[in-house]
Amino acid sequence: PILYSYFRSSCSWRVRIAMALKGIAYDLVPVNLLKDGGQQFSAEFKAVNPMRQVPALKIDGITLSQSLAIIHYLEDTHPNPRLLPQDPKKRAQVRMIADHIASSIQPLQNLKVLQQIGERKMEWAQNCIVSGFQALEQILQHTAGCYCVGNEVSMADLCLVPQVYNAERFKVDMGPYPTIARINKALLELEAFQVTHPARQPDTPAELQA
């Protein structure tokens with residue numbers, strides 16, 4: 001497998017975590033979203049992903065984009081450890097939380113949007129994340145055990161940790177979100193979340209490396 005990734009891309013991080021949890025080895029091709037006007041806009045990368053976004057994954061003779069679609073494929077082809085619960089209600093809750101983050105929070109504070117916002121980008125990003133976290137905190141109070149849904153790591157957790165990382169980058173006060181903060185802390189103690197962290201990627205700038 002070949003994973004096209006950017007160290008600080010939260011969508012790429014979701015996929016890196018999934019592959020680490022499932023023990024899938026891969027070659028990483030960095031795509032710097034800022035350098036050279038954005039390497040995602042190159043003709044070479046457009047041939048990989050016409051949407052010009054990371055991540056993209058070449059695997060089993062196909063090329064996939066969109067992080068949740070990639071994770072679903074990995075779940076279907078490498079079912080252990082599972083990232084979607086067998087219980088239909090818990091499975092629906094996992095998908096709900098993952099979609100809440102991947103559709104309703106992250107895209108609104110993504111690089112492409114912030115570049116359009118301009119000088120107010122910090123305020124914009126904070127507002128988008130706070131609005132989403134207020135709802136997410138309430139949801140998690142009903143679904144969480146050790147992690148987002150019960151006591152098993154799921155696709156929801158793969159979305160949560162990168163989104164909290166974004167919140168911290170944009171200086172969001174995490175005080176009002178104790179459930180989110182608790183789950184994030186527990187997940188960051190797991191090896192799969194540590195080795196895939198943005199501070200530990202091959203393309204991480206020296207000043208940001210851990």
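Because the structure is predicted, anything quoted here is derived from the model rather than measured. Every heavy atom of this structure was used, including side-chain atoms; hydrogens, water molecules and symmetry mates were not. Numbers here simply count residues along the sequence, with the first being 1.
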So which heavy atom on V195 is nearest to which on A192, and how close?
-> CG2-O, 3.9 Å

Do L3 and P1 touch side chain to side chain, with heavy atoms closer than 4.5 Å?
-> no

For the side chain of N110 and the backbone of K112, is there at least one donor-acceptor N/O pair under 3.5 Å apart?
-> no

Gap separating the CG atom of L33 from the CZ atom of F45, nearest 0.5 angstrom = 8.5 Å

Using only heavy-atom distances, determine whether the side chains of Q109 and Q163 contain a donor-acceptor pair under 3.5 Å.
-> yes

Under the criterion ring-ring contact (aromatic ring centres under 6.0 Å, His included), which of Y6, Y165, F193 is the partner of W13?
-> Y165

Quick one: pull up CG in D27 and OH in Y4 and give me the separation to the nearest 0.5 Å.
-> 10.0 Å

Please confirm whether the backbone N or O of Q53 pairs with a side-chain atom of N49, one donor and one acceptor, at under 3.5 Å?
-> yes

Counting only N and O atoms by type, is there a donor-acceptor contact under 3.5 Å from the side chain of D157 to the main-chain atoms of C148?
-> yes

Rounded to the nearest 0.5 Å, how far apart are CZ of R82 and OG of S154?
-> 11.0 Å

Step by step, would you call Q209 with T204 a side chain to side chain donor-acceptor pair (under 3.5 Å)?
-> CA-CA 6 Å; Q209 289 177 5; T204 306; 5.7 Å; no

Evaluate the side-chain proximity of W124 to N127: yes if any heavy-atom separation is below 4.5 Å, no if none is.
-> no

Identify the two heavy atoms, one from F7 and one from P198, that lie closest to each other, and give their separation to 0.1 Å.
-> O-CB, 3.2 Å

Starting at CD1 of I105, measure out to SG of C128 and round the result to the nearest 0.5 Å.
-> 9.5 Å

Counting distance only, does the side-chain N/O of R52 pair as donor-acceptor with the main-chain N or O of Q39 below 3.5 Å?
-> no

Would you find a donor on one side and an acceptor on the other, under 3.5 Å apart, between the side chain of Q194 and the backbone of L188?
-> yes

Verify same cluster id: I70, V31 (apolar side-chain graph, 4.5 Å) = no

Y73 side chain to D60 side chain, donor-acceptor N/O pair below 3.5 angstrom | yes

Could you tell me whether a side-chain N or O of K22 sits under 3.5 Å from a main-chain N or O of P81, the two making a donor and an acceptor?
-> yes

How close do S67 and R14 get, heavy atom to heavy atom, and via which atoms?
-> OG-NH1, 2.8 Å

Sidechain N-carboxylate O distance under 4.0 Å for E152, K90 | no

Any side-chain heavy atom of I180 within less than 4.5 Å of one from F133?
-> yes

Residues T143 and Q93: side-chain donor-acceptor under 3.5 angstrom | no

For L68 and A102 the tightest heavy-atom approach is CD1-CB, 3.8 Å

State, yes or no, whether a side-chain contact exists between L83 and V94 at a heavy-atom distance under 4.5 Å.
-> no

Is the backbone N or O of I24 less than 3.5 Å from a side-chain atom of H78, with the two atoms forming a donor-acceptor pair by type?
-> no

Could you tell me whether the side chain of Y177 reaches within less than 4.5 Å of the side chain of V130, counting heavy atoms only?
-> yes

same_hphob_cluster(V54, I101) at 4.5 Å side-chain heavy-atom cutoff = no

What one should report as the nearest heavy-atom pair of E137 and P178 is OE2-CD, 3.4 Å

Is the count of non-hydrogen atoms from other residues, nucleotides or ligands lying under 6.0 Å from E119 atom CD greater than 12?
-> no

So, do R8 and N166 sit near enough that their side-chain heavy atoms are less than 4.5 Å apart?
-> no

According to a 4.5 Å side-chain heavy-atom criterion applied to Ile, Leu, Val, Met, Phe, Trp and Tyr, with indirect links allowed, do L108 and I97 form part of one hydrophobic cluster?
-> no

Step through the shown structure and confirm whether more than 12 heavy atoms of other residues, nucleotides or ligands are within 6.0 Å of CD on Q66.
-> no

Spacing of L64 atom CG and H72 atom NE2 [to the nearest 0.5 Å] = 12.0 Å

Before giving the answer on side-chain contact (heavy atoms from CB on, under 4.5 Å), spell out for F170 and I129 the whole-Å C-alpha distance, their side-chain angles and the decisive distance to 0.1 Å.
-> CA-CA 9 Å; F170 293 117; I129 295 169; 3.9 Å; yes

K185 and R182, any side-chain heavy atoms less than 4.5 Å apart | no

Nearest atoms (heavy-atom pairs only) where P162 meets C159 = CD-O, 3.5 Å

Whether Q106 side chain and C11 backbone form a donor-acceptor pair below 3.5 Å | no

Count the heavy atoms belonging to other residues, nucleotides or ligands that lie under 6.0 Å from CE of M51, then report whether that count exceeds 12.
-> no

Pairwise distance CG(L160) to CE(M155) - rounded to 0.5 angstrom | 14.0 Å

Is L84 reachable from L140 through a run of hydrophobic residues whose side-chain heavy atoms are each under 4.5 Å from the next?
-> yes

Side-chain heavy-atom pair S5, R16 within 4.5 angstrom cut-off = yes

So if you build clusters from Ile, Leu, Val, Met, Phe, Trp, Tyr with side-chain heavy-atom gaps below 4.5 Å, do V48 and L57 land together?
-> no

Side chain to side chain contact (heavy atoms under 4.5 Å, CB included) test vs L21 passes for just one of L158, T196, L190, namely L158

